[in-house]
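Below is one structure, written out as structure tokens, with a few remarks after it.
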Number of protein chains: 2
Amino acid sequence: MTARRSDTTRAAILAAARERFATDGFERATIRAIAADASIDPAMVMRYYGNKEALFAAAADFDLRLPDLTGVPTGEIGTRLARHFLHRWDTDEALVALLRAAVTKEGAAERMRIIFATQLGALVARHAPAPEEAPVRAGLVATQMLGFALCRYALRLPPVVGLSPDEAVAWLAPTIQRYLTGTPD
Amino acid sequence: MTARRSDTTRAAILAAARERFATDGFERATIRAIAADASIDPAMVMRYYGNKEALFAAAADFDLRLPDLTGVPTGEIGTRLARHFLHRWDTDEALVALLRAAVTKEGAAERMRIIFATQLGALVARHAPAPEEAPVRAGLVATQMLGFALCRYALRLPPVVGLSPDEAVAWLAPTIQRYLTGTPD
DNA sequence: ACCATATGCCAACAAGCGTTGACCTGAGAC
DNA sequence: GTCTCAGGTCAACGCTTGTTGGCATATGGT
């Protein structure tokens, strides 16, 4: 497959879509606005992506890219995971886009569920004391990490926005660690 | 002010609005659908609440109703707060409604910020080791509690939905406790 | 009985949305 | 040079939305 002339246009549309979906959510982000951002006609968006739903699917397609933590000392996993999440969230708009959409769109929520169940679930299963606890532990990790993302990137609670990455990791890591390998009180 | 005949209609509209906003979010919940749920004409909604924005404000008007925890042993506050949040969230649709809206509407996000900064901030200030740390500690508590609510009521992650209230409190309480009175690691 | 008024319904408006099809335009193949 | 077709523009469609004003009806005070 050789590069076509239209590839730059496709990329521009996708970049604009990611930005709009991330800041406005699915329903408030309009095809017309995305097209304007990409300096293109709205009809082009339809031609290249079919419809708004499919465009969103393309824009919010991502991977948690969880690192391989085999060999890492058990006690460090919380820190490593917290740091990874923070960095990942800071550098990929698609995550915020999916988060914003997942709150009101069942289809997006389903994608979120699958991503966290499979990707995070698999990692947790490798480190949880008992394998059958893995789903619950992964779910708990999700509550803390998604909650942090929600407050920092979507709601923008000032004290949470003000935390430096290192401070954030220092606070979150023990929580993650306990959800992964600890016990309820 | 004596009771008017229209009060039952007003209440029916408000109840329908809360439900729609809670399940659909602000933009997907339509005046027409709310009116249909309340078995009245859409024009009535406008007459009684002015516009959609004001209707939402009335439907999402609520209070965290945080308990007075003075005198409670310091070590128990985490448990008490976790239990209170869980119960509160389970019994008031307005909380989910505001959460869903806050993710995509700046006005709703602002309300969320104010509620958590003032109501939760005040409680935290009374128990935090140093008063100047209160905002950050309140913010951290918010990340965990809102994250839990997000995963349980909005995203409906199965393992999180499956937790019994007691299990949930047992897992969350130590986290809340550490954010309130503990130290980062 | 009568009237003022609160309550409610109906029809319509303007605006914005996703989406479509017809029509240009310019580059590359022959 | 001409033909072809992908790349791009334009105007319009059908639909839904929030919102409005006019009109019917029921209520309750006198």
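These figures come from a predicted structure and were not determined experimentally. Within every chain, numbering begins at 1; the chains are lettered A, B, ... in the order of the sequence lines, protein sequences first and strands thereafter.
For the pair A:Lys52 and A:Phe21, the cation does not sit on the ring face, since its NZ or CZ is not both under 6.0 Å from the ring centre and inside 45° of the axis.
Atom-to-atom, OH of B:Tyr49 to C1' of D:dT19 comes out at 18 Å; the value is rounded to the nearest Å. Between the CE atom of A:Met44 and the P atom of D:dG7 there is a distance of 9 Å, rounded to whole Å. In this structure, B:Lys52 places its NZ atom 4 Å from P of D:dG18, rounding to the nearest Å. Atom pair A:Arg28:CZ and C:dG18:C1' shows a separation of 17 Å (rounding to whole Å applied). Atom OH of A:Tyr48 and atom P of C:dG18 are 20 Å apart (whole Å). If you measure from atom CD1 of A:Ile34 to atom P of C:dT19, you get 11 Å, rounded to the nearest angstrom. Between B:Arg10 atom CZ and C:dA6 atom C1' there is a gap of 11 Å when expressed in whole angstrom units. Computed from coordinates, the B:Glu53 CD to D:dT19 C1' distance equals 14 Å when rounded to whole Å.
For the pair A:Thr9 and D:dG7, the criterion of a side-chain N or O lying under 4.0 Å from OP1 or OP2 is not met.
Residue A:Arg111 qualifies as enclosed at atom CZ: its count of foreign heavy atoms under 6.0 Å is above 12.
Residues B:Pro42 and B:Arg47 both approach DNA chain D. Their nearest nucleotides, taken by heavy-atom distance, put B:Pro42 toward the 5′ side. When the nearest nucleotides of DNA chain C are assigned to B:Ser39 and A:Ala29 by heavy-atom distance, the more 5′-ward of the two goes with B:Ser39. Residue whose closest nucleotide on DNA chain C sits further toward the 5' end, between A:Arg32 and B:Ile40: B:Ile40.
Atom CG of B:Leu99 is separated from atom OH of B:Tyr153 by 11.0 Å, given to the nearest 0.5 angstrom.
Side chain of B:Thr30, nearest nucleotide from D:dT17, D:dC10, C:dC10: D:dT17. Looking at the side chain of B:Ala43, the nearest of the listed nucleotides D:dG18, D:dG21, C:dG18 is D:dG21.
Of the N and O atoms on the side chains of B:Asp68 and B:Thr70, at least one donor lies less than 3.5 Å from an acceptor on the other residue.
The pair A:Glu53-A:Lys105 counts as a salt bridge, with a side-chain nitrogen and a carboxylate oxygen less than 4.0 angstrom apart.
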